Amino acid sequence: MAENLTMVPVNEPVLDGNEKKYLAQCIDTGWISSEGPFVKEFETRFAERVGRRHGIAVCNGTAALDAALAALDLAPGDEVIMPTFTIISCASAITRLGAIPVLVDCDPDTWNMNVAGVESRITPRTKAIMVVHLYGLPVDMDPILRLAQRHSLAIIEDAAEMIGQTYKGKPCGSFGDISTFSFYPNKHVTTGEGGMIVTDDDALAARCRSLRNLAFSPERRFVHHELGWNFRMTNMQAAIGVAQLERLDEFVATKRRIFARYTESLGGMRGVALPVPTTSYADNINWVFGIVIDDGVPFDAIEAMSRLAKLRVGTRPFFWPMHEQPVFRAMGLFAGESYPCAERIARRGFYLPSGLALTDSQIERVCDAMSEVFA
Ligand SMILES: *Cc1c(COP(=O)(O)O)cnc(C)c1O
């Protein structure tokens, strides 16, 4: 009976490398705050892995975006072009500065921002483009880089879901003037909660370091010329991060195996679209195994998820578009705007259990449940 089965969790991380050993070092030495040595080590190793000069560890990926946007010195009324289909953190980092998110729809197949739709959104007030690589495939960067250069726009790159991913062989996180990552437990590398800002720009890096640490003045602690945040990462989080990063290539391979099994089992299933496995610029890094239900199927993602839950399979819905967010509508943003691709996949998209600890027998149970729901 399904009721007696344990739930297949939507995500479970793998923590059986050096995590415990490094954490014990934090406790044994008493270095548990952000002043401990793992923080620097994690920043250095992570920046190296992404091919950047600076890494600034912070307490989560949302904080990384907040600090990164603040470091760019956007003024109220400045516009930042971004995808409507993403997490709220991307847009809130913009609106908190009084700047204005200007949206583009997503691509119906890759779910990433529709690159061809960016240029028509540029105005004299546009200051930056925020690219967000989603669910496993990077945004097609070359056209964005050309536009940014031609119009002197900054690029903010949210690479939270792309740890270990490349675009045309170059690491994701190496394309933004400033790029950010998250280490939430469903990301390829986790620190429980955590984030990282990376950049090659010395001034931006210094600004982010200051903003994450309450913007203390160098000349006199507790005197402040601007307002920062306490976004510091603890030595304990960084200790886990160092251990996780040691296994990144193995984790990427594990995800590929999980996705290959899903694709093999679900490939012939009618009524659903599966993730695009590869494009001319990247192979899918398989952050989560997303499903979009065909329009001909008489139920939506919420119904499919509830049927799967009865069969003890955990799922998550897709993001909800920024232009349909009550909080932004209440602020008077995006009135009358419509982005049909994002609206469709927000209603018909969800993802299956995709964590690194997923076993073959769990995958089989998920696929059996999918067959039952989409029979
Ligand atoms: C996870 C994620 C974030 C937010 O990271 P948190 O660490 O949860 O704050 C931001 N952007 C994207 C694209 C994400 O997937």
Side-chain angles (χ1 to χ4, degrees), residues 10-11 13 42 46 50 55-70 80-96 101 103-104 106-107 110-113 128-139 141 155-165 167 172-173 175-176 178-198 208 211-212 229-234 237-238 240-241 244 251 255 275 282 284-290 316-322 325 342 345-346 349-351 354-356:
V10 74
N11 180 69
F42 187 39
F46 195 88
V50 184
I56 301 102
V58 292
C59 54
N60 57 63
T62 302
L65 283 163
D66 281 336
L69 269 288
V80 180
I81 298 171
M82 61 168 288
T84 189
F85 184 72
T86 183
I87 191 166
I88 194 85
S89 316
C90 299
S92 60
I94 298 168
T95 58
R96 281 188 217 276
L103 305 177
V104 295
C106 59
D107 179 276
T110 67
W111 311 327
N112 269 315
M113 78 195 285
I129 303 171
M130 180 188 281
V131 296
V132 188
H133 311 296
L134 288 177
Y135 292 177
L137 283 171
V139 172
M141 288 306 300
I155 292 183
I156 304 128
E157 181 189 15
D158 181 350
E161 301 172 7
M162 296 297 128
I163 307 171
Q165 177 62 298
Y167 170 81
C172 289
F175 292 96
I178 197 158
S179 305
T180 63
F181 289 90
S182 160
F183 306 118
Y184 190 71
N186 63 3
K187 308 293 158 71
H188 279 76
V189 160
T190 185
T191 61
E193 302 285 348
M196 186 80 75
I197 303 161
V198 296
C208 288
L211 286 168
R212 99 173 143 181
W229 295 275
N230 178 355
F231 282 166
R232 301 181 302 252
M233 175 182 272
T234 69
Q237 290 166 289
I240 295 175
Q244 287 267 298
F251 288 163
K255 285 264 196 179
N284 200 312
I285 199 171
N286 314 308
W287 177 57
V288 293
F289 199 86
R316 285 282 182 284
F318 270 17
F319 294 128
W320 194 251
M322 294 305 105
Q325 295 290 346
I345 66 171
F350 65 97
Y351 63 85
S354 306
L356 287 160

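Note that the structure is predicted; figures quoted are calculated from it, not measured. Numbering of ligands and ligand atoms starts at 1, following listing order.
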CZ (R232) with more than 12 external heavy atoms under 6.0 Å:
yes
Rounding to 0.5 Å, atoms CE (M130) and CD1 (I94) come to a distance of 4.0 Å
Classify the ring geometry between F318 and F85 as parallel (under 30°), tilted (30 to 60°) or perpendicular (over 60°).
tilted
Tell me which residues fall inside the under-4.0 Å heavy-atom shell around ligand 1.
N60, G61, T62, I87, V132, D158, A160, E161, S182, K187, G194
Look at the side chain of E193 and the backbone N and O of C59, then say whether any donor-acceptor pair between them is shorter than 3.5 Å.
no
Do K255 and H188 touch side chain to side chain, with heavy atoms closer than 4.5 Å?
yes
Value rounded to 0.5 Å, distance of CD1 in I156 from CG in L69:
4.5 Å
